[in-house]
There are 2 protein chains.
Amino acid sequence: MKAERNTIIPLNADDTIGHLADLFRLMGDPTRLRIVLTCLDEPISVGEIAMRLDSSPSLVSHHLRLLKAARVLRSERRGKQIFYSALDEHIRCVIDDMVAHIGEPLDIEDAD
Amino acid sequence: MKAERNTIIPLNADDTIGHLADLFRLMGDPTRLRIVLTCLDEPISVGEIAMRLDSSPSLVSHHLRLLKAARVLRSERRGKQIFYSALDEHIRCVIDDMVAHIGEPLDIEDAD
DNA sequence: CCAACATTTCAACAACTATTCAATTGTCTG
DNA sequence: CAGACAATTGAATAGTTGTTGAAATGTTGG
């Protein structure tokens, strides 16, 4: 299931759009985006995320709660630590597509 | 061409992540997301966007400015009106991927 | 040039949100 | 059980941002 050129989203379905916007907004914070990227490779504990991002466990935990509630990440306890990882592969696709968008070499024709 | 499972993003490249987050944050507002979706199909004037979304031209214009600055949309003047459309197809892919993520019916495969 | 239309800009307010620090809960070990 | 470690929670603050209405800019046609 990849992105095709058939975005058929019922524009009157406010629920879907609202849900979509919620997810995009979650990825729209640099700290949260770094957290997601850190969790993409392998399950990682809260402490190590905080360590890698040079942030506080409290802040990381706050963001993790939101990302988990939105089903972007999932959590799994291992002893004293709790490991977070991506819930599925879609987020990776979304990010890759967005990276591709950035990579688009400024196709400037004649903008008015 | 499409999203593969090889998100190779240099985590120390704050510029890239910041740019990514900016784009996600732009898509994270329901009004702005609706505007983007409206512009995906064909070039459309500011007035008609406002009409379809039942919003004010002022508000729409405000969002269009941000979306254009972020190279999500492009503008083209035709007489008195200015038509906006998607700058490339990547945004459509991003949205489709995100829709796929939402549609994922809690697919707990080999979750331990 | 003037009037009508389309869009943009400006200022200002209300609402939201990321961050911090302290306190709490949960878990393992000695 | 007590202590240390790990993570969460709560409240409070500072900064950001979406929205609004009025004014201004730009464009076309009479």
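Note on naming: letters A, B, ... go to the chains in the order of the sequence lines (proteins, then strands), and numbering restarts at 1 for each one.
Rounded to an integer number of Å, the gap from CG of A:L26 to P of C:dC16 is 16 Å. As a whole-Å value, the separation of B:I82 CD1 from C:dC5 P is 18 Å. Going from atom CD of B:E48 over to atom P of C:dC5 covers 18 Å, rounded to whole Å. Straight-line distance from the CG atom of B:L53 to the C1' atom of C:dT7: 16 Å, rounded to whole Å. One atom, CG of B:D54, and another, P of D:dT19, lie 13 Å apart when rounded to the nearest Å. Rounded to whole Å, the distance from CD1 on B:I35 to C1' on D:dT19 is 12 Å. If you take NE2 of B:H62 and C1' of D:dG18, they are 8 Å apart, rounded to a whole angstrom. Atom CZ of B:R77 and atom P of C:dC5 are 17 Å apart (whole Å).
Nucleic acid contact for A:S55: none, since no nucleic acid atom lies under 4.0 Å from a heavy atom of the residue. Among the heavy atoms of the strands lying under 4.0 Å from A:Y84 are primed sugar atoms or P, OP1, OP2 only; no base atom is included.
Between the two ends of the helix from C:dC1-D:dG30 to C:dG30-D:dC1, each summarised by a five-pair axis, the helix axis turns through 20° (rounded to 10 degrees).
Side-chain proximity of A:S58 to C:dA6, D:dT8, D:dT19: nearest is D:dT8. Taking only side-chain atoms of B:L59, from C-beta outward, the nucleotide of D:dT20, D:dT8, C:dT20 with the closest atom is D:dT20. Relative to the side chain of B:L66, the nucleotides D:dG18, C:dT7, C:dA18 differ in distance, and D:dG18 lies closest. Taking every side-chain heavy atom of A:H63 into account, C:dA18 is the closest of C:dA18, D:dG18, D:dG26. Among the nucleotides D:dG18, C:dT7, C:dA18, the one closest to the side chain of B:R32 is D:dG18.
Between the side chain of A:R77 and the backbone N or O of A:G79, at least one donor-acceptor pair lies under 3.5 Å. Under a 3.5 Å cut-off, the side chain of A:H101 and the backbone N or O of B:R71 do form a donor-acceptor pair. At least one donor-acceptor pair closer than 3.5 Å links the side chain of A:R92 to the backbone N or O of A:L40. A:H90 places no side-chain N or O within donor-acceptor distance of the main-chain N or O of B:I102, the cut-off being under 3.5 Å. The backbone N or O of B:L26 lies less than 3.5 Å from a partner atom in the side chain of B:R32, making a donor-acceptor pair.
The shortest distance between the side-chain N/O atoms of A:R25 and the OP1/OP2 oxygens of C:dC16 is not below 4.0 Å. At C:dA18, none of the side-chain N or O atoms of A:T31 fall inside 4.0 Å of OP1 or OP2 (strictly under the cut-off).
Comparing A:F83 and B:D29 against DNA chain D, the residue whose closest nucleotide sits nearer the 5' end is A:F83. Nucleotides of DNA chain D nearest to A:P57 and A:K80 differ in position, and the one nearer the 5' end is that of A:K80.
Applying the side chain to side chain contact (heavy atoms under 4.5 Å, CB included) rule to B:P57 yields the partners B:A50; only residues at least two apart in sequence or on another chain are considered.
Identified under the salt bridge (charged side-chain N to carboxylate O under 4.0 Å, His left out) test for residues 16-30 of chain B, with sequence neighbours left out: B:D22-B:R25.
Here the side chains of B:T38 and B:E48 are not in contact, with every heavy-atom distance at 4.5 Å or above.
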